[in-house]
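Remember, it's a predicted structure, so these values are computed and weren't measured experimentally.
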Amino acid sequence: MNGDFDWGTVREAFPQLLDGFWTTLLATVFGILVAAVLGLAIAIAGRAPTRLVTVPVKAVMEFIRSTPLLVQLVGAATLFTSVEPLTVGIVVLGIHYATYTSEVYRAGIDAVPKGQWEACRALSLTPRRTWQAVILPQAVRNVVPALGNYAISMFKETPYLAVITVHEMVYQARDYGTDNFRFTEVFTLAGLIFLVASYPTSLLMRKLEKRLGH
Amino acid sequence: MNDFFSAFADDLPQLRSGLWVTLEATVLGALLALFLSFVLGLMSLSRLMLSRGVSRVVVEFFRGTSLYVQLFWLYYAMPSLTGYDLDPLFCGVLAFGLNYGAYGAEVVRGAVNSVPRGQYEAAIALNMSPAHRMRKVILPQAWVQMIPSFTNLLIQLLKCTPLLWLISAADLMTAIEKLRSRTGETLTAYLTLLVCYFVLAYALTLLMNLLERSAKRRLGLATGGRSLLKSRSAVPAARTTGGAG
């Protein structure tokens, strides 16, 4: 087979991979948005006063969190064939990561001093006002860096979407590889693009975490 | 529904061997990852700049490039570079071990750093050699702190094993996927598969809880029986950039 590493191939395949990179980025951004919103909803539901709500929520969450994303993706894509793969991918990624982000929110909400809840009760604010005006603004500030970290790890799991035929970066790499019998170059390039995109973001998140005093 | 389960019963031998491949990849991958975690983690604590640098580069490389890409690189690119075809299971174990070893190194580093300074000073005052100090004083205490994070990583690793299906290793997913295409029972098949993984994950969690209890007991820390059944926390104990992925 082709023994050496061919730089010409790298140059030639780069535009196609970059094309897929935008889909990768799109899936990450929308995926983390779904996870951020759904995670908050789960965290609030987990604090419901009745066990009728909290126990099932916890059970479903534990189940989703302990089972493979790939199986969830492939399963959802096979069941909902009429929906666009990218949409299925974003929703499944979002739901999977929501089970993680909800714990982040939970920790963030727990970190709000108890006195704040008591003050709200003393002012006889409704539960809705309490969450909206007092608790969430304080909790959300604490969770931003952790959400960023999950976004980075989601970014590195987007290649799974290639399996359900979303034309993201790795899909493009495989596509180019099979057309030209050149896998070494394209997979190396794809790996490097992941590294170049995720490492600086990780550093940024670490700085942000320090600034917010974690 | 009944179709699926009668086919399930017929295919039991294949399913058992698929389960075995999945478990093999998980356990061997985890052992390699554990070994690398300690090597890279202790290297990053060294006083030598070279050793710290090497560890940093390796860790960032394997955390920064996606596991999926690493696995495919080993499976598709390695053969064309070297001329050797690698066994899919071997590729899987290598990729899982390297990737999770990099995440584990940060866990080891964080745990060793969190052992109180006084313990080091006391060990020095007792005239212990650095190796003796590490083995007898620092690591037993750090180990207790590492276990919850290692449990998280182990479950993450288990959750990556369906990737083996893509490089045509005959794992559990492959076996059930075959059943699905034969019976056409998509929902039942995937739910069965998810339940299998959930049971495996919970069994591994319980084992790790046992390990944590025995490690705590050796330090003379009290543990209640209830802690054995607790599930994992989603937020890693040692905050590492990027999370496991």
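- Proximity to chain B (any heavy atom under 4.5 Å) is restricted, for A:Tyr199, to the side chain, taken from C-beta onward.
- In this model, no donor atom of one side chain and acceptor atom of the other lie less than 3.5 Å apart for A:Trp117 and A:Thr130.
- Highest contact tally toward chain B, considering only A:Pro159, A:Ser198, A:Ala190, is held by A:Pro159 [criterion: heavy-atom pairs under 4.5 Å].
- Between B:Phe198 and A:Phe63, the ring planes are tilted. Angles from 30° to 60° get that label.
- Top candidate by heavy-atom pairs under 4.5 Å with chain A, chosen from B:Cys196, B:Ala189, B:Gly64, B:Pro162, is B:Gly64.
- The greatest number of non-hydrogen atom pairs below 4.5 Å with chain B, out of A:Ile64, A:Val163, A:Val196, A:Val186, is found for A:Val163.
- In summary, A:Glu62 and A:Lys58 do not engage in a salt bridge, as defined by a charged side-chain N under 4.0 Å from a carboxylate O.
- In this structure, A:Tyr100 and A:His96 have tilted ring planes: the angle between them lies in the 30° to 60° band.
- When each of A:Leu192, A:Val74, A:Val170 is checked for heavy-atom pairs under 4.5 Å with chain B, A:Val74 comes out on top.
- The aromatic rings of A:Tyr160 and B:Tyr68 are tilted relative to each other, their planes meeting at an angle between 30° and 60°.
- Look at B:Glu106 and B:Arg109 and you find a salt bridge, because one of the NZ, NE, NH1 or NH2 atoms lies within 4.0 Å of a carboxylate O, short of that distance.
- The pair B:Asp11-B:Lys178 fails the salt-bridge criterion, with no side-chain N (NZ, NE, NH1 or NH2) lying under 4.0 Å from an Asp/Glu carboxylate O.
- Contact annotation for A:Thr188: both backbone and side-chain heavy atoms come within less than 4.5 Å of a heavy atom of chain B.
- Contact annotation for B:Phe61: both backbone and side-chain heavy atoms come within less than 4.5 Å of a heavy atom of chain A.
- Contact count against chain A (heavy-atom pairs under 4.5 Å) is highest for B:Val195 among B:Ile155, B:Leu200, B:Leu158, B:Val195.
- B:Ala201 touches chain A through its side chain: at least one heavy atom from C-beta onward sits under 4.5 Å away, while N, CA, C and O do not.
- Of the listed residues (B:Ile176, B:Leu193, B:Leu163, B:Leu166), the greatest number of heavy-atom pairs within a distance under 4.5 Å of chain A belongs to B:Leu163.
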